[in-house]
Number of protein chains: 2
Amino acid sequence: MHKMNPMIELSFAEENYLKAIYHLSSGGQNMVNTNAIAERLNTKPASVSDMIRKLSEKGVITYLKYQGVNITELGEKRALWVIRKHRLWEVFLVEKLNFHWDEVHEIAEQLEHIHSSLLISRLDEFLKYPKFDPHGDPIPNEEGIISSKPRIILSELKKGTASELVSMKDTGAVFLNYLDRIGMKIGAKITVIDTIEFDGSLEIKTDEDRVLSISKQVADNLLVIAK
Amino acid sequence: MHKMNPMIELSFAEENYLKAIYHLSSGGQNMVNTNAIAERLNTKPASVSDMIRKLSEKGVITYLKYQGVNITELGEKRALWVIRKHRLWEVFLVEKLNFHWDEVHEIAEQLEHIHSSLLISRLDEFLKYPKFDPHGDPIPNEEGIISSKPRIILSELKKGTASELVSMKDTGAVFLNYLDRIGMKIGAKITVIDTIEFDGSLEIKTDEDRVLSISKQVADNLLVIAK
DNA sequence: ATAAATTTTTAGATTGGCCTAAATTTATTT
DNA sequence: AAATAAATTTAGGCCAATCTAAAAATTTAT
Ligand SMILES: [Mn+2]
Ligand SMILES: [Mn+2]
Ligand SMILES: [Mn+2]
Ligand SMILES: [Mn+2]
């Protein structure tokens, strides 16, 4: 059955602030400062000050003047709801409409604000309940719970441990093209064979026991889940 | 290949006004008056006066004070583009996400404002280039051309002419439930056998030579295309 | 043709979301 | 512990989209 969702009214702008604050606080852990929010949203610190006053009145964040912002339970729930919608739409665009993973973000930024929880549960069903979006980021469930193992950057993976590629930090076209070229894609199995002291580059073994060498810079942008 | 679409910037509100004006003018034919727009959009005439000034400055409508509004070529094109998006999304919701036709309008009202012509051409392809939306309304093509035969109300169909049910005027749940009950749905073949003078009711023959009688009120709400 | 009713526009206010410039608070140097 | 720098808030303003109340134009009725 479908769940009633007595959501607080938030504008597009407010939802975007909340999402930015959620991400900047690494999921509600650290405090977030005004300038960081302004930079992330391409606005001015003065606008942020205005908005965080409003958001704290609505109970989705708390803040002490000059001390920074913390997201509340309610706010985190809402941020995760928006993130869920964003990522499900991204899956739809890639899986059903044949978009490439580097083309979907802007459209998902719009679609994430469509209001209808029934729509999203139907979309989730249609997509067969995906756990990750096309960039490897986990999709929160209806309760806003992310039930996937933590992702780590490949350069921090212990030598010899098998892992699966789930996400990239750099999602620019240049990097993604390079990955395409070396045949590296989401879901690839990766084991680190050796680490080269000199430049931090890695020797890795991938899917069909293919061995290749990647630079530290590349390894720093690949997110894996240890198996 | 994908077509460049150098669209004028319009807000959600402006797009909704334009769509209302298009519909109220029956596709750009008659002039539209301020009060009608206000009523349709649940706003006040004063707000409409403001907005039509702005829209005429943007070149999507023309108007003379106190005389009413006419939509321009540019405005009609844009209205049809929004209508195209609305109806394609409605098809998606019904065909792919298993919504019922009477549940999709509100969601499509939101989705119709998503900006991306690539998204819409991909969606169109995914849906196999549908010609009608779930309510039987025709879907304009990328150029804004509606290439389907005119729809007429069943009570105006000549006796003996075969037709196909393509749309309902009343899309309320009560009426749609009634149609479900008498087994009448989009695509049904209908021929008028006889018209009863007394109350305007019709004897009609439907798909498998089933004969039934419907009131004038029902016939006035069924839109058909003569074959 | 005047009066009355209706429609439409203008005037003035409000709210949301943004801005710049200036003031204030906190953090970092010296 | 001052002085300086950086971050943050406040003050004041702008634009979009709405509203109510009042004025003006048009239409309809007498
Ligand atoms: Mn994204
Ligand atoms: Mn993503
Ligand atoms: Mn609709
Ligand atoms: Mn429709």
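Labels below follow one simple rule: chain letters A, B, ... track the order of the sequence lines, proteins then strands, and each chain is numbered from 1. What you see below is based on every heavy atom in this structure, not just the backbone, and it leaves out hydrogens, waters and symmetry mates.
Separating the CE atom of B:Met51 from the C1' atom of D:dT18 is a distance of 9 Å, rounded to the nearest angstrom. Here D:dA16 presents its P atom at 12 Å from CD of B:Glu9, a figure rounded to the nearest Å. Distance CG (A:Leu55) to P (C:dC18): 11 Å, rounded to an integer number of Å. Regarding B:Lys44, its NZ atom lies at a distance of 16 Å from the C1' atom of C:dA13, rounded to whole Å. Atoms CG (B:Leu41) and C1' (D:dT18) sit 12 Å apart, rounded to a whole Å. In this structure, A:Tyr17 places its OH atom 14 Å from P of C:dG16, rounding to the nearest Å. Here the C1' atom of nucleotide C:dT7 and the CE atom of B:Met31 are 15 Å apart, to the nearest Å.
Under the 3.5 Å distance criterion, the side-chain polar atoms of B:Arg78 are left unmatched by any main-chain donor or acceptor of B:Val60.
Scored by the ring pair (Phe, Tyr, Trp, His ring centres under 6.0 Å) test, A:Phe92 finds A:Trp89, B:Phe92 as partners (sequence neighbours excluded). With sequence neighbours excluded, the residues satisfying side chain to side chain contact (heavy atoms under 4.5 Å, CB included) with A:Asn98 are B:Arg122. Residues passing the ring pair (Phe, Tyr, Trp, His ring centres under 6.0 Å) test with B:His100: none are found, sequence neighbours excluded.
Listed by first and then second residue, the salt bridge (Lys or Arg N to Asp or Glu O under 4.0 Å) pairs involving residues 93-105 of chain A amount to none (not counting sequence neighbours). Pairs engaging residues 60-73 of chain B under the side-chain hydrogen bond (donor to acceptor under 3.5 Å, both in side chains) rule: none recorded [sequence neighbours left out].
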| Just by protein heavy atoms under 4.0 Å, how would nucleotides 4-10 of chain D read 5' to 3' in B, S and -? | ---SBBB
| field | Base-pairing string, 5' to 3', of DNA chain D - Watson-Crick or wobble, under 3.5 Å, | interstrand | value | ||||||||||||||||||||||||||||||
Got a list of side-chain donor-acceptor pairs under 3.5 Å for residues 31-48 of chain B, not counting sequence neighbours?
unit_1	atom_1	unit_2	atom_2	d
B:Arg40	NH2	B:His23	ND1	3.4

Using a 3.5 Å cut-off and no angle test, enumerate the donor-acceptor pairs between side-chain atoms of residues 127-137 of chain A and protein atoms at least two apart in sequence or in another chain.
unit_1	atom_1	unit_2	atom_2	d
A:Asp133	OD1	A:His135	N	2.7
A:Asp133	OD1	A:Gly136	N	3.0
A:Asp133	OD1	A:Asp137	N	3.0
A:His135	ND1	A:Glu90	OE1	3.1
A:His135	NE2	A:Trp101	O	2.8
A:Asp137	OD1	A:Arg151	NH1	2.7
A:Asp137	OD1	A:Ser167	OG	3.4

